[in-house]
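Report on the following structure.
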Amino acid sequence: MSKSRDKKKRYEDSSDSDSAEEARKKDLKERDEFANRLKQKDANRTRNIVAASEKKAYEEAAKRLKIEAEDRDKMVPMLRIHSRRKYLEKRKDDKLQELEADIQDDEFLFENDILTERERKERQHKKELLKLAQEHEKARELERVQRYHMPSDAGKSSEYVEVDELENMPQSEQKKWEKEQMASAVYSFGAKEKAKRDEYELLLANQIDFIQALKLPGSKDKEDKKPELTESERKKLDIQETKKSLPVFPFRDDLIQAVRDHQVLIIEGETGSGKTTQIPQYLHEAGFTDDNKKIGCTQPRRVAAMSVAARVAQEMNVKLGNEVGYAIRFEDCTSERTIIKYMTDGTLHREFLSEPDLQSYSVMIIDEAHERTLHTDILFGLVKDIARFRPNLKLLISSATLDAQKFSEFFDDAPIFRIPGRRFPVDIYYTKAPEANYVDACVVSVLQIHATQPLGDILVFLTGQEEIETCQELLQDRVRRLGSKLKELIILPVYANLPSDMQAKIFDPTPPGARKVVLATNIAETSLTIDNIIYVIDPGFAKQNHFNSRTGMESLIVVPVSKASANQRAGRAGRVAPGKCFRLYTLWSYKHELEDNTVPEIQRINLGNAVLMLKALGINNLMKFDFLDPPPRETMVLALEQLYALGAFNHRGELTALGRRMAEFPVDPMMAKMLLASDKYKCSEEAVSIAAMLSVNGAIFYRPKDKIIHADTARKNFNHVGGDHLTLLNVYNQWRDSDYSTQWCYENFIQYRSMKRARDVREQLVGLMQRVEIEMVSNVSEVDNIKKSIISGYFYHVARLSKSGSYKTVKQNQSVTIHPSSALFEDLPRWLLYHDLVYTTKEYMRVVMEIQSKWLLEAAPHYYKPKELEDSTNKKMPKTVGRSTRTD
DNA sequence: GAGCACTGC
């Protein structure tokens, strides 16, 4: 800690002369001039993109929604059965140790600091997490697998322990319904199990307080009366009928009035209420789009923004992209005529840079606010601020039930407007004792449901690809052994990295008499909605990314889910009919061990880019920015410190001309700096390609289990002596020379989907380079120049080989290792630049390249002092290290 | 000698 204080002092010492003051003034002037030029550009830019590129946008949207690249099918990784479990086990142990160490570090390093309430809570949360995980392990060691059983016949219902809340429940109808459900469930035990039957009990908890489905008014009569309607007329009528049948419809007039009366309104509504599609239309009909103003609505996901916009355009009988449009990254499907605009939250966040007061909007709706993405969290603070000086701007914050009160308080006690949803009740079952091994428990549960419960598809939530594949294997094996005793069971995996055509299989209708089991990651919690799911199995775990601002290291840990998340999962069973959710943990765990809500993203990630953006929007004191839940102070300090070191801020904390340019790029500040520095080194084409390749996280090289040797050989052909950055450049350039061929990717074990994405990112970056007035020039042969522009951004990420033969990061003195996938894995250059640090089995540097220490002085003279970069290992390297050092 | 939950600009 004292180290960082020294650092700060040093910055100040180096910049307090008169000439520095003048330079500062000049820089600020330049910055403002640049900002003005950008404004001018934006004003001149015609917004009528649709007219020119409507067809293209349509095609692209269709393509994106459609399944991508057929030949990815061939690249599907073969099932990785062996040693997967072992690997998982090993990693879990490591993660546990890491968490433990983290807590110890915390307590040691910050022992004497006065903790804020939040910091104290965070520490407490970590401790509880560790305790939980350890207990989970203990239960496993016991190997006494106790499983819950399916509901038996009604006569035996006294066998089930009723939970207190059930008794408190006022509606006896619920109870009655429940009994009926129990009666309909038939459970038959195997002969062997029958003896044990009495040992088991099912813990039956209360029903989630879901709102009973509203009845759809029958539209059939009316149709019969008017058989002479044309197809399109009937379609129109159907749309009107559907609109009227939505739960939000009866609230139309009250809602419009409430928006008129209040500037900020919190909309509390379950999914399926129709709020996302209807509210913007109501407000449009009520005249909120007069005077050329727009209604905006943000969504956390691209697909949602696109599909909702398409739906609303259809309902309003207009062409998508005209009156109703959407804007997402790489695609702007709006025009000057657009009055209802759907967009992703990140897009609106970016839009703030060119329109900081949202002047063109009369209403802004922030939908799905309870998901608490980084972008919505920042938008909260921004729109709250704007609302103060734009009294005619209406804000609607729409959220699921639990958070509404919190949002209301944040927005100065804004009124809450409640809209019922349309969802069927879901019975929740808990296990009596903690499950020892939840993958096994999932398999057993699936089979029990399949054997005893009425038909209906099953959704199982697991943490990742590995687990899903293990579970799939186990299930297939068991089903095969049971042979024809059971009905057909179709087992389908789904996770984000699965090729889209494989993903699409989960949407195929289940054949009559069969049952579908979908093994999914969190992707099925919000992003994908699968129809006909009646049963949900929830082990209660998920993977979560954590950023440690002290070490700058990221790690992915399996953690218990939150109550909100568990309820969201359960809700997936009640979309088409009453459902059942089997939780593989106890009611006690649910009540006492699960957090109410998932830790918001803003508290878990590196904030470099977010901080730069806010600064570019003129928010000067970020420590006082109005966050709904503020990020950890340390993360904030690290971000500010890095931005200062990069030259985005001057010593007074003001945004510099460089910083203003950096903010234009939707990338990490270090990468933005690298891109801007490429101008000086005349290699902007190369820098942009490298940046694009780095932006698709590590999913470039394809390495199927059965073709490891081929894949590795193919990969080595791309290796560049200069390091992994240049290897990536090689891959991109060769792909480009192949005319972006899919066949080329297949032959070279490269993932086509990732390359396509890199190309999209690259195109966008090139556009932005032109926007910040940088010429695109290519200079592939000048490798040192390319490296120098990378160093200009990433000088913070440097490690040096120590005497002991291991690497230490220069600033944090953290022990790190070259990742085995690196081209330099067997090489041990004295100075290394790494792209990122990730903790998996060890502390790894991913994507590294060799550098010369004198380049560091050139790139960041304010940051490194010559003394710091003296080689303490000037003599020969220890023999054990082997060949080394081509440095300096 | 390796492991990528999920979004998004």
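Here is how names work: the chains are called A, B, and so on, in the same order as the sequence lines, proteins then strands, and each is numbered from 1.
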Residue [X], side-chain heavy atoms: nucleotide from [options] that is nearest:
X: A/Tyr844; options: B/dA2, B/dC9, B/dT7; value: B/dA2
X: A/Pro820; options: B/dA2, B/dA5, B/dT7; value: B/dA2
X: A/Asp712; options: B/dA2, B/dC9, B/dT7; value: B/dA2
X: A/Glu601; options: B/dG1, B/dG3, B/dT7; value: B/dT7

Do the side-chain N or O atoms of [X] get closer than 4.0 angstrom to the phosphate oxygens (OP1, OP2) of [N]?
X: A/Thr344; N: B/dC9; answer: yes
X: A/His819; N: B/dG3; answer: yes
X: A/Thr347; N: B/dC9; answer: yes
X: A/Thr521; N: B/dC6; answer: yes
X: A/Arg329; N: B/dT7; answer: no

Send over the distance from [X] [atom1] to [N] [atom2], rounded to a whole Å.
X: A/Met343; N: B/dC9; atom1: CE; atom2: P; value: 12 Å
X: A/Arg604; N: B/dT7; atom1: CZ; atom2: C1'; value: 10 Å
X: A/Tyr495; N: B/dT7; atom1: OH; atom2: P; value: 14 Å
X: A/Ile709; N: B/dA2; atom1: CD1; atom2: C1'; value: 16 Å
X: A/Glu371; N: B/dA5; atom1: CD; atom2: C1'; value: 14 Å
X: A/Tyr839; N: B/dA2; atom1: OH; atom2: C1'; value: 14 Å
X: A/Phe825; N: B/dG3; atom1: CZ; atom2: P; value: 11 Å
X: A/Glu469; N: B/dC4; atom1: CD; atom2: P; value: 14 Å

Exercise for the section: Could you pull out the closest heavy-atom pair between A/Tyr585 and A/Ala566, with the gap in Å? Expected result: OH-CB, 3.5 Å
Exercise for the section: Before accepting this row, confirm whether a basic side-chain N of the pair A/Lys341/A/Glu351 lies closer than 4.0 Å to the acidic partner's carboxylate O. Expected result: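 A salt bridge is present here (some side-chain N lies under 4.0 Å from a carboxylate O).
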Handout entry: Whichever of A/Asn522 and A/Val667 has its nearest DNA chain B nucleotide further upstream toward 5'
Key =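 Going by which nucleotide is closer to the 5' end, it is A/Asn522.
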Exercise for the section: Give the ring-plane orientation class for A/His725 versus A/His835, where under 30° counts as parallel, over 60° as perpendicular and anything between as tilted. Expected result: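 Perpendicular: the ring planes of A/His725 and A/His835 meet at over 60°.
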Problem - Aromatic ring pairing A/His797/A/Tyr794, orientation class (parallel under 30°, perpendicular over 60°, tilted between) - result: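 If you compare the ring of A/His797 with that of A/Tyr794, the planes turn out tilted.
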Exercise for the section: Measure centre to centre between the rings of A/Phe749 and A/Phe701, then say whether the value is under 6.0 Å. Expected result: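 Between A/Phe749 and A/Phe701, the centre distance exceeds or equals 6.0 Å.
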